[in-house]
Amino acid sequence: MKFMIQAGGILGALAVALGAFGAHALKGMLETSGRLETFETAVKYQFYHALAMVLVGILMQRAGADAVRLLGWSGNAFAIGVIIFSGSLYAICFTGITKFGATAPIGGLALIVGWILLIMAAGKLA
């Protein structure tokens, strides 16, 4: 529970830092390479799912064992999804190697699984 909130906080802080870095220090490079929108998508998805992880951690504090198990899997899926999805987009932006994009759907699938597990856990909440 505590770990999920802390991990969400770390991902959220990194999203803000990366967003600011991209908007200021990297803006010219990202615009020149045509990757500004890709970078912004990576930051948005990272931030949304950082918030989702914090929510999962809060819900875990009040849930029964069955829901806690599903919530834990949900939060883990969000973390894995952010690392793979946003990470692959960041890799494209920083290296220009578009083959990293092939892994983005795997990360997207992990994010979807996280939301489905959250829905399932909600069904077990009192």
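We number each residue from 1, following the sequence as shown.
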What donor-acceptor contacts under 3.5 angstrom involve side-chain atoms of residues 71-79, with partners at least two apart or in another chain?
residue : atom : partner : partner atom : Å
Ser74   : OG   : Gly114  : O            : 2.8
Asn76   : ND2  : Gly72   : O            : 3.2

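Here CH2 of Trp115 is found 12.0 Å from CG of Leu117. Values are rounded to the nearest 0.5 Å. Put simply, CD1 on Ile58 and CE on Met53 are 12.5 Å apart, with the number rounded to the nearest 0.5 Å. In this structure, Arg35 CZ and Thr41 OG1 are separated by 11.5 Å, a value rounded to the nearest 0.5 Å. Atom CG of residue Leu18 and atom OH of residue Tyr90 lie 4.5 Å apart, to the nearest 0.5 angstrom. Annotation: the span from Ile80 atom CD1 to Ile84 atom CD1 amounts to 6.5 Å, rounded to 0.5 Å. Taking CE of Met29 as the start and CD of Glu31 as the end, the distance is 11.0 Å to the nearest 0.5 Å.
A parallel orientation is assigned to the rings of His49 and Tyr45, their planes being inclined by less than 30° (bins at 30° and 60°).
The environment of CZ in Phe47 is sparse: at most 12 heavy-atom neighbours from other residues, nucleotides or ligands sit within 6.0 Å. The number of heavy-atom neighbours closer than 6.0 Å to CD of Glu37, taken from other residues, nucleotides and ligands shown, is 12 or below. The neighbour count for Phe94 CZ, taken as heavy atoms of other residues, nucleotides or ligands under 6.0 Å away, is above 12.
Note on Ile116: it does not cluster hydrophobically with Tyr48, by side-chain heavy-atom contacts below 4.5 Å among ILVMFWY residues. By the criterion of side-chain heavy atoms lying less than 4.5 angstrom apart, applied directly or through intervening Ile, Leu, Val, Met, Phe, Trp or Tyr residues, Phe21 is grouped together with Leu36 in one hydrophobic cluster. One hydrophobic cluster, built from ILVMFWY side chains closer than 4.5 Å, cannot hold both Ile83 and Met4; they sit in different ones. One hydrophobic cluster, built from ILVMFWY side chains closer than 4.5 Å, cannot hold both Val56 and Ile5; they sit in different ones.
Across every non-hydrogen atom of Ala104 and Phe85, the tightest pair is O-CD1, 3.4 Å. Residues Ile97 and Ile92 come closest through the heavy atom pair O-CG1, 3.5 Å. Closest approach of Gly9 and Val54 over heavy atoms only: N-CG2, 4.0 Å. Across Leu11 and Val82, no two heavy atoms sit closer than the pair CD2-CG1, 4.1 Å. Summarising the geometry of Val68 relative to Ala63, their closest heavy-atom pair is CG2-O, 3.5 Å, with the distance given to 0.1 Å. Nearest heavy atoms, Lys124 versus Ala67: CB-CB, 4.0 Å.
The closest side-chain heavy-atom distance from Ser86 to Val43 is not below 4.5 Å. Within the 4.5 Å cutoff, side-chain heavy atoms of Leu59 are placed close to those of Leu118.
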